[in-house]
Amino acid sequence: MSVELIGYVGHFNSSETMRRAGPALDIDHIEAVAKAHEYVGFDRALVAFNSNSAESILIGQHVAGVTERLKLMIAHRPGFTAPTLAARQLATLDQFSRGRIVTHIITGGNDSELAQDGDHLTKDERYARTGEYIDVLRREWTSPEPFDFDGRYYKVRGGFGDVKPVNPAGIPIFFGGASPAAIEIAGRHADVYALYGETLEQVAELIGRVRAAAAPHGRSPGFSVSLRVVLADTEEKAWAKAEDILARATALRNTGGNQQSPHNIRRKRATGEAPPNEGSRRLLAAAAKGPRLDKCLWTGIAWLTAAQGNTTALVGTPDQVADALLDYYDLGVRRFLIRGFDPLVDAIQYGRELLPRIRALVAERDTRAAA
């Protein structure tokens with residue numbers, strides 16, 4: 001695999017520009033988007049998690065059941081399920097899907113969101129707990145015999161997973177977080193380190209920090225970047241489409257916001273209050289430099305929403321966006337999570353117009369490098 005293209009299967013049809021109209025678990029939407037991703041050629045799709053959402057492992061099980069080839073990235077928050085049980089749940093799903101699973105460990109950087117699930121540890125304590133959690137996951141996945149584990153947060157006696165993942169090495173772990181505590185754990189544990197869609201300069205700097213943190217452990221993680229994409233057949237039309245997206249997102253927030261979004265985001269932007277997590281602060285630092293950065297990186301939605309999650313976008317023709325993505329590829333990124341503002345419609349457009357161009361450019365780049 002020289003490049004992996006990852007989409008997004010939401011729990012319902014919604015975005016910054018679309019108010020949720022259906023239930024919190026829209027089965028028809030999940031099935032339609034999952035099947036569309038498989039049909040148009042995405043390699044994998046993210047199933048997200050937050051403190052008030054439907055459960056990601058169970059949604060992943062359903063998506064695996066209605067698709068045949070689409071691989072899945074299951075977002076999972078440590079600390080609420082015993083790691084021994086979580087390891088067996090994920091291994092069971094991996095077996096049912098015939099090895100199509102990776103897990104994206106989401107420690108969480110927002111104290112208020114974590115408190116919704118009864119977690120009142122500090123951020124540094126949460127990341128320390130995550131490190132132990134991943135240790136236990138891997139022991140459960142790989143140990144051929146019962147094991148003991150003694151940590152600050154977890155103590156296991158005679159732990160053993162009778163069900164193992166398809167791959168004897170275990171399930172690959174994606175990991176995010178840009179604080180010093182997060183980078184330390186990423187260096188020890190991440191198979192793939194996941195970044196938001198920052199500027200090229202920011203991505204290069206963060207990749208360097210993660211590689212430095214991983215080196216003492218003899219590890220060399222891969223890297224993934226998450227970006228929104230706005231496409232049109234001309235550059236002018238693409239930027240006009242982006243401005244329309246921003247106008248609709250602004251109007252939606254001014255009339256009560258999106259049910260998917262925390263109620264306090266508009267207040268934070270209005271008062272200038274900094275977001276609680278380092279990843280969002282980094283996106284806002286980029287957005288402060290202007291709405292258009294690098295070749296075609298757009299920060300308008302990030303600025304509007306206090307960079308709540310994956311909110312920067314590449315804007316342009318399919319050729320322009322593919323070319324911009326290859327700049328990240330040249331920095332060492334081999335996985336791209338790409339999603340839009342109209343989940344089903346955009347995924348189909350990306351499959352037809354963007355994914356083939358990305359793969360063709362990567363193939364050309366790899367051929368030249370080999371020569």
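Just so you know, residue 1 is the first one in the sequence shown, and it goes up from there.
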Hey, is NZ on Lys237 packed in by over 12 heavy atoms from elsewhere, all under 6.0 Å? no
Is it the case that more than 12 heavy atoms not belonging to Leu58 sit under 6.0 Å from its CG atom? yes
Would you mind checking if [Y] and [X] are paired as a salt bridge, meaning a charged N to carboxylate O distance below 4.0 Å?
X: Glu113; Y: Arg77; value: yes
X: Asp327; Y: Lys295; value: yes
X: Asp135; Y: Arg139; value: no
X: Glu132; Y: Arg152; value: no
X: Asp150; Y: Arg157; value: yes
X: Glu16; Y: Arg228; value: yes
X: Asp366; Y: Arg359; value: no

Check whether any side-chain N or O of [X] sits under 3.5 Å from a backbone N or O of [Y] as a donor-acceptor pair, and report yes or no.
X: Ser56; Y: Ala75; value: yes
X: Glu125; Y: Thr122; value: yes
X: Arg357; Y: Glu353; value: yes
X: Tyr193; Y: Ile183; value: no
X: Ser14; Y: Met18; value: yes
X: Glu140; Y: Ala87; value: no
X: Ser224; Y: Phe336; value: no
X: Lys164; Y: Ser143; value: yes
X: Ser280; Y: Asn277; value: no
X: Ser15; Y: Phe341; value: yes

Return yes if a side-chain donor-acceptor contact under 3.5 Å exists between [X] and [Y], otherwise no.
X: Glu278; Y: Ser179; answer: no
X: Arg19; Y: Thr255; answer: yes
X: Gln202; Y: Thr199; answer: yes
X: His76; Y: Gln89; answer: no

Heavy-atom pair of closest approach, residues [X] and [Y]:
X: Arg211; Y: Gly332; result: NH2-CA, 4.2 Å
X: Tyr127; Y: Gly177; result: OH-CA, 3.7 Å
X: Gly170; Y: Thr142; result: N-CG2, 4.4 Å
X: Gly99; Y: Val166; result: N-CG2, 3.5 Å

Mind checking the [atom1]-[atom2] spacing from [X] to [Y]? Nearest 0.5 Å is all I need.
X: Leu231; Y: Gln320; atom1: CG; atom2: CD; result: 10.0 Å
X: Phe49; Y: Ile59; atom1: CZ; atom2: CD1; result: 10.5 Å
X: Arg69; Y: Glu38; atom1: CZ; atom2: CD; result: 4.0 Å
X: Phe175; Y: Asp191; atom1: CZ; atom2: CG; result: 11.5 Å
X: Thr103; Y: Leu90; atom1: OG1; atom2: CG; result: 5.0 Å
X: Leu121; Y: Thr130; atom1: CG; atom2: OG1; result: 9.5 Å

Below 4.5 Å, heavy atoms only, C-beta onward: do [X] and [Y] meet side chain to side chain?
X: Pro78; Y: Ile134; value: no
X: Val9; Y: Leu46; value: no
X: Leu246; Y: Trp303; value: no
X: Glu205; Y: Arg282; value: yes
X: Asn13; Y: Leu344; value: no
X: Tyr328; Y: Leu227; value: yes
X: Tyr329; Y: Arg335; value: no
X: Leu93; Y: Ile74; value: yes

Give the C-alpha distance, both sets of side-chain angles, the deciding distance and a yes or no for side chain to side chain contact (heavy atoms under 4.5 Å, CB included) between Thr305 and Arg253. CA-CA 9 Å; Thr305 63; Arg253 289 178 177 273; 3.1 Å; yes
Evaluate side chain to side chain contact (heavy atoms under 4.5 Å, CB included) for Lys241 paired with Val230, printing each intermediate quantity in order. CA-CA 7 Å; Lys241 185 176 177 180; Val230 180; 3.7 Å; yes
Steps toward ring pair (Phe, Tyr, Trp, His ring centres under 6.0 Å) verdict (His189, Tyr133): CA-CA 10 Å; His189 291 293; Tyr133 193 93; over 10 Å; no
Would you check, one step at a time, whether the test side chain to side chain contact (heavy atoms under 4.5 Å, CB included) holds for Leu325 with Ile338? CA-CA 10 Å; Leu325 284 169; Ile338 301 166; 4.2 Å; yes
Parallel, tilted or perpendicular: which fits the ring planes of His37 and Phe42, with parallel below 30° and perpendicular above 60°? tilted
Honestly, is Arg88 close enough over Trp141, meaning NZ or CZ under 6.0 Å from the six-membered ring centre and within 45° of the axis? no
Under the side chain to side chain donor-acceptor pair (under 3.5 Å) rule, what do Ser226 and Arg339 come out as? Steps first, then yes or no, please. CA-CA 8 Å; Ser226 300; Arg339 66 186 182 103; over 6 Å; no
Dump the intermediate steps for salt bridge (charged side-chain N to carboxylate O under 4.0 Å, His left out) on Arg365 and Asp330, then the final yes or no. CA-CA 9 Å; Arg365 193 70 52 96; Asp330 289 340; 2.6 Å; yes
Carefully, step by step, assess Leu283 and Thr311 under the rule side chain to side chain contact (heavy atoms under 4.5 Å, CB included). CA-CA 8 Å; Leu283 288 186; Thr311 47; 3.8 Å; yes
Answer yes if Leu85 and Ile101 sit in the same cluster of Ile, Leu, Val, Met, Phe, Trp and Tyr residues linked by side chain heavy atoms under 4.5 Å apart, and no otherwise. no
